[in-house]
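Here is the structure we will look at.
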Amino acid sequence: MSNAQEKVLLVTTSPHIRGPEDIPRVMWTVVGALAPAGLVGVYLFGYYALFIVILSVLAAVLTEAVIQKYLLGQPVSVKDGSAVITGILLAYILPPGVPWYIPIVGAIFAIAIVKHAFGGLGNNIWNPALAARAFLQVAYPAPINSDWRVLKQGGIFSNITGVDSITQASPLFKEFGGKTYNYTDLLTGNVPGCIGETSAIALILGGLYLIYRGYVDWRVPAGYIATVFILAKFLPAKIEAPWANDPIYHVLAGGLMLGAFFMATDMVTSPLTKKGLLVFGIGCGVLTTLIRFYAAYPEGVCYSILLMNTATPIIDRYTQPRLLGQGKK
Amino acid sequence: MLAGVKELKSFNGGIHPPFDGKSLSKNKEITQAPLPEVAYLYMSQHIGVPAKPVVAKGDVVKKGQKIGEAPALVSAHIHATVAGKVTDITFKPHPVTGARTQVVVIQREGDDEWAPGLDEPQDVEAMSPDDIRNLIREAGTVGLGGAAFPTHVKLSPPKDKKVDAVILNGAECEPYLTCDYRLLMEKTKEVIEGLKIIMKCLGCKNAYVGIEANKPDAYDKVRSAVGEDPHIKVELLEVKYPQGAEHQLIKAILGREFKPTQLPIEAGAVVHNVSTTYAIYEAVKYKRPLIQRVVSITGDGVENPNNLLVRIGTPIEPLLKAARLKEDANKVIYGGPLMGIAQPSIADAVTVKGTGGLLVMRNAGEWQSRACIRCGKCVDACPYGLNPSLLSILCESEHFQQAMEFNLMECKECGCCTYVCTSRRPIVHLIKTAKYELARQKARAQEAQKAKEAQKAQAAPAVTATAPK
């Protein structure tokens, strides 16, 4: 019955096809790549760690939904997975024994202030999870800094906040009493630390998968880790610890792997071009090492990435792509 | 296999969709489409000044008779594509530019007979470059890859520029289209003949044929047609869009770069695609004007994709119906999916010289655009070294001057950025709109300037009149 003359045709400008990649696909893949590190965290620190992750994710997603629906009147985009990532990342950089309200306050701050107050996905200047962590550091210094516990025996049904756990210093604790951990424990994650940062192997696996999928440019983690490695070897150390100038220890301990593969590589807050990404990665490495070596704070990953996020527009300005046929070949 | 034998030539950036649609029509031999009952011939089917009709309503014309005269160098003649009677000279929206354009309407009548003096074998050996150029100009030949730049202009390089390489563009990188591939398969000798005519016309000793590696059979055919000729090199190219664009082809084959707004002559090269080269052969060897071309009718919106030899000015409706248009087809595109022009109506559209494909899509929809998440894929995909992310943001917020500083005008609108965009941003659309706005602002500014001057001239006596006060 249909008559071609009556056919309603869709008229749009070219191109008329789109590639397979879109925001939900990228975001949910990142969620998947983050999973192994989280599983290790839950195994090491018990179900309470999983509880923290879930709280953080729920708070992030709800905050985004409420803001988009009631404050902005926008379509609610929580299904794209980006708020989920923020929730996961925030939980991953919290100590496993934090009080329950910490991830909630942090996630609300991350989504409401760092993300949506600046225009929402794509327009935020800083990585929301890291900025929230920096906020919590100032607002709740006691639970964030002191509570480095691990389970006595391992095993997920134990109680992180109670009798089954012992308090230990983080691997990068600089003062007297800081313990040195061996490489195997640092690789597998059998060390005190934040929920998702301890297992270098799980993080590297997830990160390599993202590089393979093309969502992470190798220049950021490679530039970051290599810079920390080199500087840690040659910078004069003020720290009195056996690992002070041990580059492998510096690379494996603390939040470096999580930061290098999952935080510094946040598309929104890192430079646009490959050249810019290399500069960004190296900058993160320099700042991290300087903070670890010469500042009062044992860990430098969070602030170094936030500072480099701030520098991203100026890096972009000086690393524009080269127009075809212009300048050097 | 082939890829292992020879290194594939390529360029930076570009894309390749997982399904390129070539399989739909690549094995369909070229067949003659039924002649149109009525042919609609736009006076502008090329870049440059529109042709002026040289026939009047009621005139009887023969096939190949000139009906539109090019009034300038950068323009092209238009010929009757069927024998018949001029029933109307009117204005219609152009299928590519959208602008109302003059059209000569010819009702087909009588035998399909050539006008006198045409369709006669010529002695190419005895021709001078100018003879060749004139024949091509007389035939109304234009670039058939889509841009429709008058071919004789491309063959008249400025005296101070040297051409040391002619490139036959057999890349056909736009997904779905197969018209050039079919010509390479079925008219190999003629196309290579055409290439030699171009070389002779330009006095250029070296030529290259660029073919994408997904057409190994065409590569073999061309190799054997070229034979032992040491001056023609056949190159296999990486399968990547826009491999067949002049800048990318020259970069891949010659390793030379030139700015997007510059012409290939800056790199000492002249590029012609397969369909154009075949048209050149027809024009020079047989004095046949450009009245027909191969059109791929393809896409998932037709049941029977095919390659047809279509008279220019043929309404597309019977062509689509013959290819069994599907019920749910809802988008008809002139050209390929990356640079083609969507048509508003099947009933009104007719083919023009640049129409190498009719791509019919079903269940075509629109994409929900989001803010840029700075994934950088567009920067990596842009084959011209632009920053599409930034351009799209500047154009969206109407910061046109700033966009110009970031090379807005160098964009060729190839669509790679928009294809890869994770946020589904309509980058090319924003860039096109910005260019259009800028052109309008410029025109308005010129008008205002003129009006001001006119006012000044008028105001001058008024001032003198009030002076005595």
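In what follows, chains carry the letters A, B, and so on, assigned in the order in which the sequence lines appear, proteins first and then strands, with residues in each chain numbered from 1. Computed from a predicted structure; not experimentally measured.
In terms of heavy-atom proximity, B/R370 sits nearest to A/S77 at NH2-OG, 3.6 Å. Closest approach of B/G340 and A/S14 over heavy atoms only: O-CB, 3.4 Å. Across all non-hydrogen atoms, the minimal contact from A/L10 to B/A342 is O-CB, 4.0 Å. In terms of heavy atoms, B/P344 sits closest to A/V11 at CA-CG2, 3.5 Å. In terms of heavy atoms, B/M361 sits closest to A/H16 at CE-O, 3.4 Å. Taking all atoms of both residues into account, the shortest heavy-atom contact from B/W367 to A/R18 is CE2-CG, 3.1 Å.
A side-chain donor-acceptor contact under 3.5 Å links B/R374 to the backbone of A/S270. The main-chain N or O of A/G214 is found under 3.5 Å from a side-chain atom of B/K377 such that the two form a donor-acceptor pair.
Between atom CG of residue A/L324 and atom CD of residue B/E257 there is a gap of 4.5 Å, rounded to the nearest 0.5 Å. Remark: B/I341 CD1 to A/T12 OG1 distance equals 10.0 Å, nearest 0.5 Å. Distance check, rounded to the nearest 0.5 Å: CG of A/D22 to CD of B/Q368 gives 12.0 Å. Here CG of A/D316 is found 8.0 Å from OG of B/S389. Values are rounded to the nearest 0.5 Å.
Of the residues considered (B/P383, B/P337, B/C378), B/P337 shows the highest number of contacts with chain A, using heavy-atom pairs under 4.5 Å. Between chain A and the residues B/G415, B/P175, B/C421, the most heavy-atom pairs under 4.5 angstrom are made by B/G415. For the options A/L277, A/D80, A/D217, A/T269, heavy-atom pairs under 4.5 Å to chain B are most numerous at A/D80. Here B/P260 is the residue among B/P260, B/G376, B/C382, B/G335 with the most heavy-atom pairs under 4.5 Å with chain A. With respect to chain A, the highest number of heavy-atom pairs below 4.5 Å among B/N407, B/V420, B/L320, B/D348 belongs to B/N407. Counting heavy-atom pairs closer than 4.5 Å to chain A, the top-ranked of the candidates B/M339, B/R424, B/E366, B/Q262 is B/R424.
Using a 4.5 Å heavy-atom threshold, the side chains of B/C375 and A/V26 count as separate. Contact annotation: the side chain of B/P426 never approaches that of A/T13 to less than 4.5 Å [non-hydrogen atoms, C-beta and beyond]. In this structure the side chain of A/Q320 reaches within 4.5 angstrom of the side chain of B/L390, judged on heavy atoms. Side-chain contact check for A/L9 versus B/I346: some heavy-atom pair is nearer than 4.5 Å.
Of the atoms belonging to B/K259, heavy atoms from both backbone and side chain fall under 4.5 Å from chain A. For a residue to count as touching a neighbouring chain, one of its non-hydrogen atoms must lie under 4.5 Å from one of that chain's; by this rule A/T312 touches chain B with the side chain only. Residue B/I333 touches chain A through its side chain alone, counting heavy-atom pairs closer than 4.5 Å. In this structure, chain B has heavy atoms under 4.5 Å from both the backbone and the side chain of A/P20. For a residue to count as touching a neighbouring chain, one of its non-hydrogen atoms must lie under 4.5 Å from one of that chain's; by this rule B/Y384 touches chain A with backbone and side chain alike. Neither the backbone nor the side chain of B/F11 has a heavy atom closer than 4.5 Å to any heavy atom of chain A. For a residue to count as touching a neighbouring chain, one of its non-hydrogen atoms must lie under 4.5 Å from one of that chain's; by this rule B/D380 touches chain A with the side chain only.
The neighbour count for A/I314 CD1, taken as heavy atoms of other residues, nucleotides or ligands under 6.0 Å away, does not exceed 12. Around the CZ atom of B/F19, the shell of radius 6.0 Å holds more than 12 heavy atoms that belong to other residues, nucleotides or ligands. Enclosure of atom CG in A/N123 by more than 12 non-hydrogen atoms of other residues, nucleotides or ligands within 6.0 angstrom is indicated.
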Trace of the side chain to side chain contact (heavy atoms under 4.5 Å, CB included) decision for B/N330 with A/V8
CA-CA 7 Å; B/N330 68 342; A/V8 178; over 6 Å; no

